[in-house]
Engineer: 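Have a look at the structure that comes next, please.
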Amino acid sequence: MAEQKKSLLRVHSYAKECHERSEQGYSDAALAGGHQPGLIQLELADKILNACRANSLWPMTFGIACCAIEMMVCGMARFDISRFGSEVFRPSPRQSDLMIVAGTVNRKLAPVLLTLYEQMPAPRYVIALGNCAVSGGPFDVEANYDVVLGVDKLIPVDVYVPGCPPRPEALIEGILQLQEKIAGKRNPFPQNRMPKGA
Amino acid sequence: MQTLNSYAPEIIRIVMAVVGGAVVVFGNALVMGYMERKLAGHFQRRTGPMEVGFHGLLQLVIDGIKLMSKQLVIPAKADKPLFMLAPIISFAPVFLPLLVIPFSDRIQGFDLDVGLLFVLAIASINVLAVLVAGWASNNKYSMFGAFRAVAQNVAYEIPMLLSLLAIVFMTNTFSLRGIVEAQTVWFIVLQPVAFIIYLICMVAETNRAPFDLAEAESELTAGFHTEYSGMSFSLFMMAEYTNMFIVSCIATVFFLGGTSGIPLPYFEYTGIIWFLLKVYLFMFFLVWIRWTYPRTRFDQLMNLCWKYLLPISLVNLLITVVVVKL
Amino acid sequence: MNVDVIEDERQHQFVLNMGPQHPSTHGVLRVLLKMEGEYVLDPQPVLGYVHRCHEKIGEYKPARAFMPNTARMDYLGALIYNQGYAMLLERAAGIEVPRRAEYIRVITSELNRIQSHLLWYGAYLLDLGAFTPIMYAFDDREHILDTLEDICGSRLTYCYCRVGGVCKDIDDKFIERTRAFIERLRGRLPMYEKLVNGNIIVQKRMKSVGNYTPELCARYGVTGPLLRAAGVEYDLRKAEPYSVYSEFDFEVPTEQQGDAWAAFNVRYREIEQSLRIVEQALDKLPEGEVMEAKVPKKLRLPQGDYNCSVEAPRGELSYYLVSDGSDIPYRIKVRTPSYSNLSVVPEVCKGMMIADVVTSMGALDLVIPEIDR
Amino acid sequence: MKAYFTELFTGAWSLIVGLTVTLKALFSPVVTVQYPRQKIDVTPNYRGHIDLIKDPETGTHRCITCGMCMRDCPSDCIYLEGEKQEGVKGKVLTLYTLDYTKCSHCGACVEVCPTQALDYCDDYEVAGFAREDFHYDLLKRVEERE
């Protein structure tokens, strides 16, 4: 019984793959699948699909530390990312398109992060929210022995949002930039006209 | 030649019914999805979808297309055939109950003598789909969700049927049109207790909050559809919305007089406007309570059913029988 | 001995892994649940998913440079953590703090406590499956954050206290906004009572879930609202008044049942008490400097060990610092309340349904980075 | 039996009361700020990343290259270099880089500066596609500012 419990507790040790990735960065082979060109190229269809993907980014409920609170605030009444169609925080990675890494990733969490990223169906996007996720932040000091210095060493990151923690506006800006990256067109559209009744 | 002629109008009717059913299912999912997100927004004092199309009108269309274009993940240790089958089992039968629902005096697939039984029978296939989905996913959370859904649906079908039976005793017919026609006074006035019981059972049958134990987000991540992605997930969602539509239709037929309402001049199909209005009133209610109440616990849910709803609906049925038959 | 029993156990029991990514663990806590059906036989929390070497970093830097780290341990009670650490260093270096600075610390700390409780209130109801209260709670919370941002410069992880005072004086605008907020929140509380506290589903979900007896709390070192929910009137602000808390008139809310509902009520009533403290502090606010002038640039702490405890939103927080006479501490140890509070989970949540485990853990008001440090 | 019905009715009543609250919210105005179109007035005290102040008298920064900020920074995010130049008293700043991705907004650098050469800037909506985007060259920023 004790043995069984111990082995259960040891599941997420700093896996070999994570160690390699954080030392050397991720290899292209690790990323294949998500960004492979399709067999048939249909430009118009791609354009439409990309526009759709950009405007319905469903984030995963995956808060790690301080920035998670600002991520929650983003979904709340004041800032309300539902205006851009991304308030549907899905608890299951299978149904989400966007992983907002909101907080510090350490060696114990790194394999979990990888698993979650790989459980998300393609196309998937990652936003590194906050200094810890961008580069290790205030923990990138001599005494640090556990924090992974930047989540981009483990998984490919699309948009970086620095700050400690960033204001919710910065996260919205990050989502808008991600939309621009996906669809090539910046939301909101048209740029500076308020919709009536808002 | 003779036979073909006699069959031709029937074929047209079938085609029309199928097309109509598809329109209702997909249209309802879009309208309901939009309504839910927008209403949720305003219940919480925010705007909801806003930037995608005028006031976010295109949001649901875009979500649908996105879900279709997502990768379909099948977990390595899942039971593949069953895993693929579950969303289809859930989604395919939702067309059938729409056939017997009298949307107006003229719009009805066919008037079945046992319309009510037909609807309830088909509606319970959904729970099979949930069970299959939970089992095939090979995920403990899904499994929990599936078991809860089965227990819940089996339990709540009883008071639901009993409350509706009270009305069947009054009208002496199972035919939905017959029931609509029998209502000189809306049955909500004559049978308020049955109405309230039906209302509660309706929420439980569709697995909506506060009885959404099958997909209890904070306990079981996403419940029975934890492992489903992309299109199969959206099939589940569409089935859920259509089931909501169907139970609301039944409520309208049984308690709010179906198509009755102030007739509009020069319009033969005026009934459908009233009908849909009432249906969406129920849908609004479902959304309203979802964004107001917390979730109940599983044993409390069962308590509510066996200790309160079942005895009260039985008593209600007895009283109805005594009053009607004496 | 009995083979049948063991086989039986294997057939019926299984392990459910809740977390690290799970909506109701408030972060990346992982709980291993040994289950039989819906019932939890043995819950075991697994920690360390946000371990960020805070204490080790503290040993490498001058004592003063640890201040931003304190805010990141518990991001919801950042100002209280700041205050505690500043008080520790002042105690060690023998620095007097101006009275106005003490008052400002109390005002900001209590505002911080209110926002922490409001966030917990919303998040707890979210755990129970209600989506709307969290929106209303966050709406009120935004007002506090705006007010605090005006003087502290950030919304969440403030670094406001300094050794010997606070870094920025408050102005009339701040006082005005705070008073307006007190008015507003008092007007909103009846709405919460109608929507949540009176709701039968909420009461049914929370009542008699968890059993925190005073003995259990003493055994595991549980402090804060949970201890008060068990009937022990212990609040550091009253028990050993630090700062200027002895000058205010407030109550320590307690309940007797020791379940989730009692903890819920204690926290809810604490919001009202904190409002009272802020109001009195604003009335009594003395004039003067906010920063002691004679604070050395390089803070050398005399050799010895120092301790300082404050009442954080989640319980008793205490800092322990060993100094070898240089400006870099030899050792910093932080006793965080959530860690002790979490340790009762295996005992309290035994035999519960899985939904109750969620309720019970929500009542603990966990902040995971504070547990792992 | 009495308890049974009391619970039923009080429970039902509490549920109805709850519904009125949300219904009232449905008809009250929204509190959302339509962010990209409409912005909150962020307080002037907001702590963004640090910036060198442009002195209106001299038209340049006030940094004397003492390196206090670099030494006091808890997370080593500031790096600056200076060199002796002919005809100028003290050192002249030649490089001032800030690795914003490590900053924790503690304000140590701003407070320690003997000439008050540093201040927080108001950029609260920064995001980018690479982490190098946030390695700011403050000297260049102060020159580019009008």
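Lettering follows sequence order; numbering is per chain, from 1.
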Engineer: Would you kindly check if the NZ (Lys) or CZ (Arg) of Arg131(D) is within the cone defined by 45 degrees around the ring axis of Tyr160(A) and under 6.0 Å from the six-membered ring centre?
Structural biologist: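 No, Arg131(D) does not lie over the aromatic ring of Tyr160(A).
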Engineer: Does any backbone or side-chain atom of Ile175(A) lie under 4.5 Å from a heavy atom of chain D? Answer side chain, backbone, both or neither.
Structural biologist: neither
Engineer: With sequence neighbours excluded, tell me which residues meet ring-ring contact (aromatic ring centres under 6.0 Å, His included) with Tyr120(D).
Structural biologist: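 Partners of Tyr120(D) by the ring-ring contact (aromatic ring centres under 6.0 Å, His included) criterion come out as none, since no residue qualifies.
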Engineer: When you measure from the side chain of Asn131(A) to the backbone N and O of Tyr100(D), does any donor-acceptor pair fall under 3.5 Å?
Structural biologist: yes
Engineer: Among Met76(A), Glu173(A), Arg83(A), which has the most heavy-atom pairs under 4.5 Å with chain D?
Structural biologist: Arg83(A)
Engineer: Check Arg167(A) with Asp123(D), please: is the shortest side-chain N to carboxylate O separation under 4.0 Å?
Structural biologist: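 No, Asp123(D) and Arg167(A) are not salt-bridged.
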Engineer: How about residues 132-141 of chain A versus chain D: which residues have heavy atoms under 4.5 Å apart?
Structural biologist: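 Val134(A), Ser135(A), Gly137(A), Pro138(A), Asp140(A), Val141(A), listed by number.
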Engineer: Report yes if the distance between the aromatic ring centroids of Tyr136(D) and His49(D) is under 6.0 Å, otherwise no.
Structural biologist: yes
Engineer: Among residues at least two apart in sequence or on other chains, which ones pass side chain to side chain contact (heavy atoms under 4.5 Å, CB included) with Ser28(D)?
Structural biologist: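 By the side chain to side chain contact (heavy atoms under 4.5 Å, CB included) rule, Ser28(D) matches Arg45(B), Ala25(D).
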Engineer: Between Arg78(A) and chain D, with a heavy-atom cut-off of 4.5 Å, which part of the residue counts as in contact: side chain, backbone, both or neither?
Structural biologist: both
Engineer: Checking Thr115(D) against Cys63(D) for the side-chain contact (heavy atoms from CB on, under 4.5 Å) test, could you report, in this order, the C-alpha distance in whole Å, the side-chain angles of both residues, the deciding distance, and whether it holds?
Structural biologist: CA-CA 7 Å; Thr115(D) 56; Cys63(D) 179; 5.8 Å; no
Engineer: Name each donor-acceptor pair under 3.5 Å that joins a side chain in residues 68-80 of chain D to protein atoms two or more places apart or in another chain, with its distance.
Structural biologist:
{"residue": "Arg71(D)", "atom": "NH2", "partner": "Cys66(D)", "partner atom": "O", "Å": "3.0"}
{"residue": "Ser75(D)", "atom": "OG", "partner": "Lys102(D)", "partner atom": "O", "Å": "3.1"}
{"residue": "Tyr79(D)", "atom": "OH", "partner": "Glu81(D)", "partner atom": "OE2", "Å": "2.6"}

Engineer: Please look at Phe129(D) and chain A and tell me whether the side chain, the backbone, both or neither of the residue comes under 4.5 angstrom of a heavy atom of that chain.
Structural biologist: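 Both backbone and side chain.
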